[in-house]
Amino acid sequence: MGSVVLSIDAELAWGYHDLDELPRERVTTARESWLDLLDLLDEFDVPATWAVVGHLLLDSCDGTHADHPTPDGWFDRDPGTDERRDGAWYGTELVDAIADADADHEVGTHTFSHVEMGDATREVAAAEMREAVAVAEERGLSVDSMVFPRNNVGHRDVLAAYGVSCYRGTRPRQWYDRTPLGAVAKFFGWPTETVSPVLVTPESDEYGLINVPASLYLFCFEGRARSLVERMTDDPVVSMAKRGVDRAAREGGVFHMWLHPNNLTDERDFDRMRAILDHAATVRDETGLEIETMGDVAAEMRDDEPLPREPIGPR
């Protein structure tokens, strides 16, 4: 029997702080969407891996982070206040809500300040993991799973040094990615995953980490193309997600979906999630399909044996 994994890039304003402009609507509604998504997951008893930016585990800060080796200007947008005044930058109440949820969620990490690890120096990568693990441990959390910001994978050895067990790797390339069909689909904004939902096989890498690759980004088909298609037929993302769940139950393997809370900006976005979660829960109840966290998958492959920790640099 296969399994379904849902991972969530929980970042609030930190997901955009290095861009020229913040998408105000998404940042403003992200806290509410986070809590509404938790309620929806509870409704269907679906656990998820919440990959939380480490800074959100702070209830306040000075805004400078002077000991962090990121380039000058990296923390310029950090307001240096607290959660009550600037809730887009701090999230202790939201992390508490994950712990208090009925579903058995996992809190993983999305680095400390949303650094793209594939482009970072080793010094910065080590500092990001050091700070992320430290703030998690202060709240009694163990960091077992990692989602790389913008899926930019890098410095996996640093993850291993800080005791991380697994990470979300990139979606495996499919045959249609290298054909005219894939090129045309991307040109028109159509998600090429509709051709065939991608099942993945988690594997151990050279550092002892378990790579749990992504299968489907649940908001890969948006904008005018989505609106046009939805006037004529069902939401294509719901259709492909259902097919992926069905394939996992029928064939084995892992179907790994992911999203951000800030993707959920209006009712139709929640309708999409409700339809997908309802289907996954129904198939689970009827077939024995597992719905697991990334940490669950890694523990099964490694017999739950923790990696030794060898922190890099000062603690």
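Here the structure is a predicted model, which is why all the values come from computation and not from measurement.
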Visitor: Check step by step if side-chain contact (heavy atoms from CB on, under 4.5 Å) holds for Val52 and His110.
Guide: CA-CA 5 Å; Val52 181; His110 202 36; 5.9 Å; no
Visitor: On a heavy-atom basis, which atom in Ala136 and which in Leu57 lie closest, and how many Å separate them?
Guide: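 Here Ala136 and Leu57 meet closest at CA-CD2, 3.6 Å.
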Visitor: Above 12 or not: heavy atoms from other molecules or residues under 6.0 Å from CD of Glu251?
Guide: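 More than 12 heavy atoms, drawn from other residues, nucleotides or ligands, come within 6.0 Å of this atom.
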Visitor: Measure from the side-chain N and O atoms of Arg150 to the backbone N and O of Gly15, and report whether any donor-acceptor pair falls under 3.5 Å.
Guide: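 Judged by distance alone, yes, a pair lies under 3.5 Å.
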Visitor: Please report whether the ring centroid of Trp74 lies less than 6.0 Å from that of His65.
Guide: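 For His65 and Trp74, the ring centres are not under 6.0 Å apart.
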Visitor: Once rounded to the nearest 0.5 Å, what's the spacing between atom CE of Met146 and atom OH of Tyr167?
Guide: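 Interatomic distance, Met146 CE to Tyr167 OH, rounded to 0.5 Å: 11.0 Å.
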Visitor: Please examine the side chains of Asp271 and Glu267, heavy atoms only from C-beta on, and report whether any two atoms are closer than 4.5 Å.
Guide: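 They are in side-chain contact.
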Visitor: At their closest point, which heavy atom of Val245 faces which heavy atom of Ala280, and how far apart are they?
Guide: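 Looking at all heavy atoms of both residues, the closest pair is CG1-CA, 4.0 Å.
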Visitor: Decide side-chain contact (heavy atoms from CB on, under 4.5 Å) for Leu6 and Thr49; before the verdict, give the C-alpha distance in whole Å, the side-chain angles of both, and the deciding distance to 0.1 Å.
Guide: CA-CA 6 Å; Leu6 178 66; Thr49 294; over 6 Å; no
Visitor: Is a side-chain N or O of Asp42 found less than 3.5 angstrom from the main chain of Ala101, in a donor-acceptor match?
Guide: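 No, Asp42 side chain to Ala101 backbone: no donor-acceptor pair under 3.5 Å.
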Visitor: Please name the pair of heavy atoms, one in Gly163 and one in Asp144, separated by the smallest distance, quoted to 0.1 Å.
Guide: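 Heavy-atom minimum between the residues: O-OD1, 4.5 Å.
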Visitor: Check whether NZ of the Lys or CZ of the Arg Arg85 lies under 6.0 Å from the centre of the six-membered ring of Tyr90 and within 45 degrees of that ring's axis.
Guide: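 Here Arg85 fails the 6.0 Å and 45° test against Tyr90.
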Visitor: Please report the interatomic distance CG(Leu37) to CG(Leu259), rounded to the nearest 0.5 Å.
Guide: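 If I round to the nearest 0.5 Å, the distance is 6.0 Å.
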Visitor: Can you tell me how far apart SG (Cys166) and CG (Asn211) are? Round to the nearest 0.5 Å.
Guide: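 Going from SG on Cys166 over to CG on Asn211, the span is 9.5 Å.
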Visitor: Rounded to the nearest 0.5 Å, what separation is found between the CG atom of Leu12 and the CG atom of Leu56?
Guide: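 Nearest 0.5 Å value for the CG-CG distance: 5.0 Å.
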Visitor: Does Ser113 reach the main-chain N or O of Val115 with its side chain, forming a donor-acceptor pair under 3.5 Å?
Guide: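 The answer is no, because no donor-acceptor pair under 3.5 Å joins these two groups.
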Visitor: For the pair Thr92 (side chain) and Leu58 (backbone), establish whether a donor and an acceptor sit closer than 3.5 Å, ignoring hydrogens and angles.
Guide: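 Not at all, since once roles are kept as given, no pair shorter than 3.5 Å links the two residues.
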Visitor: Is it the case that the side chain of Asp269 and the backbone of Thr265 share a donor-acceptor pair, with hydrogens and angles ignored and the cut-off at 3.5 Å?
Guide: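 The answer is yes, because a donor-acceptor pair under 3.5 Å joins these two groups.
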Visitor: To the closest 0.5 Å, what do you measure between CG (Leu218) and CE (Met240)?
Guide: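 These two atoms lie 9.0 Å from each other.
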Visitor: Has the side chain of Glu106 got a donor or acceptor atom that lies under 3.5 Å from a matching backbone atom of Gly295?
Guide: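 Indeed, once roles are kept as given, a pair shorter than 3.5 Å links the two residues.
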Visitor: Under a 4.5 Å cut-off applied to non-hydrogen side-chain atoms, are Ile8 and Trp258 in contact?
Guide: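 No, too far: nothing below the 4.5 Å cut-off.
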Visitor: Check whether any side-chain heavy atom of Leu41 lies under 4.5 Å from a side-chain heavy atom of Trp50, and answer yes or no.
Guide: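 They are in side-chain contact.
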Visitor: How are the rings of Trp89 and Trp14 set relative to one another: parallel (under 30°), tilted (30 to 60°) or perpendicular (over 60°)?
Guide: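 If you compare the ring of Trp89 with that of Trp14, the planes turn out perpendicular.
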Visitor: Could you go step by step and tell me if Asp18 and Arg77 meet the salt bridge (Lys or Arg N to Asp or Glu O under 4.0 Å) rule?
Guide: CA-CA 8 Å; Asp18 57 332; Arg77 279 193 165 125; over 6 Å; no
Visitor: Taking all heavy atoms of Val27 and all of Ala13, pick out the closest pair and write down the distance.
Guide: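 It is CG1-CB, 4.0 Å.
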Visitor: Is a side-chain N or O of Arg247 found less than 3.5 angstrom from the main chain of Pro197, in a donor-acceptor match?
Guide: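 At least one qualifying donor-acceptor pair exists.
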Visitor: Got a donor-acceptor contact below 3.5 angstrom from the Asp266 side chain to the Arg268 backbone?
Guide: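 Yes: the side chain of Asp266 pairs with the backbone of Arg268.
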Visitor: Please tell me whether Asp86 and Thr81 have a donor and an acceptor in their side chains that are separated by less than 3.5 angstrom.
Guide: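 A pair is found: one side chain offers a donor N or O, the other an acceptor, under 3.5 Å apart.
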Visitor: Is a side-chain N or O of Arg168 found less than 3.5 angstrom from the main chain of Val212, in a donor-acceptor match?
Guide: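 Checked: no pair found.
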Visitor: What do the steps show when you test Ile291 against Asp45 for side-chain contact (heavy atoms from CB on, under 4.5 Å), and what is the final call?
Guide: CA-CA 9 Å; Ile291 301 180; Asp45 191 25; over 6 Å; no
Visitor: With a 4.5 Å limit on heavy-atom distance, are the side chains of Arg31 and Glu83 in contact?
Guide: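 Sidechains of Glu83 and Arg31: in contact.
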Visitor: Return the NE2 to CG distance between His260 and Asp9, rounded to the nearest 0.5 Å.
Guide: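 Between atom NE2 of His260 and atom CG of Asp9 there are 4.0 Å.
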Visitor: If you count every heavy atom of other residues, nucleotides or ligands that lies below 6.0 Å from Asp67 atom CG, does the total exceed 12?
Guide: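 Counting other residues, nucleotides and ligands, CG of Asp67 stays at 12 neighbours or fewer.
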Visitor: Is any side-chain heavy atom of Leu277 closer than 4.5 Å to one of Glu43?
Guide: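 Heavy-atom side-chain distance check fails, nothing below 4.5 Å.
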Visitor: Is the closest side-chain donor-acceptor distance between His256 and Ser7 under 3.5 Å?
Guide: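 Yes, because at least one side-chain N or O of His256 sits under 3.5 Å from a partner of the opposite role on Ser7.
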Visitor: Do other residues, nucleotides or ligands put more than 12 heavy atoms under 6.0 Å from the CG atom of Asp96?
Guide: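 Buried by this count: over 12 neighbours within 6.0 Å.
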Visitor: When you compare the side chain of Phe112 with that of Val135, does any pair of heavy atoms fall below 4.5 Å?
Guide: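 Counting from C-beta outward, Val135 and Phe112 do come under 4.5 Å.
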Visitor: With a 4.5 Å heavy-atom cut-off, do His279 and Asp246 have their side chains touching?
Guide: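 Yes; the side chains approach each other to less than 4.5 Å.
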Visitor: Considering all heavy atoms of both residues, which atom of Ser215 and which atom of Val200 are nearest to each other, and what is their separation?
Guide: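 Smallest heavy-atom distance, with atoms named: OG-CG1, 3.7 Å.
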Visitor: Using the ring pair (Phe, Tyr, Trp, His ring centres under 6.0 Å) rule, collect all pairs that involve residues 118-146, keeping only residues at least two apart or in two chains.
Guide: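 Counting only pairs at least two positions apart or across chains, no ring pair (Phe, Tyr, Trp, His ring centres under 6.0 Å) contact touches residues 118-146.
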Visitor: Is it true that the side chains of Tyr16 and Asn262 contain a donor and an acceptor less than 3.5 Å apart?
Guide: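 Their side chains do contain a donor-acceptor pair, which is all the 3.5 Å distance test asks for.
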Visitor: Would you call Asp59 and Asp82 a side-chain contact if the rule is heavy atoms closer than 4.5 Å?
Guide: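 Result no, sub-4.5 Å side-chain heavy-atom pair not found.
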Visitor: Show, in sequence, the C-alpha distance, side-chain angles and deciding distance for Val143 and Glu137, and conclude whether the side-chain contact (heavy atoms from CB on, under 4.5 Å) test is met.
Guide: CA-CA 8 Å; Val143 176; Glu137 288 182 343; over 6 Å; no
Visitor: Aromatic contact between His114 and His55, with the criterion being ring centroids under 6.0 Å apart: yes or no?
Guide: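 Judged by ring-centre distance (under 6.0 Å), His114 and His55 do not meet the cut-off.
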Visitor: Tell me yes or no: between the side chains of His17 and Asp78, is some donor less than 3.5 Å from an acceptor?
Guide: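 His17 vs Asp78: no donor-acceptor pair found between side chains.
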Visitor: Is there a donor-acceptor pair closer than 3.5 Å between any side-chain N or O of Ser33 and the backbone N or O of Leu264?
Guide: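 Side chain of Ser33 to backbone of Leu264: a pair is present.
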Visitor: Any donor-acceptor pair under 3.5 Å linking the side-chain atoms of Thr111 with those of Glu128?
Guide: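 The criterion, which ignores hydrogens and geometry beyond distance, is satisfied for Thr111 and Glu128.
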Visitor: Might you point out which heavy atoms bring Ala10 and Pro261 nearest each other, and give the distance in Å?
Guide: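 That closest heavy-atom pairing would be CA-CD, 4.1 Å.
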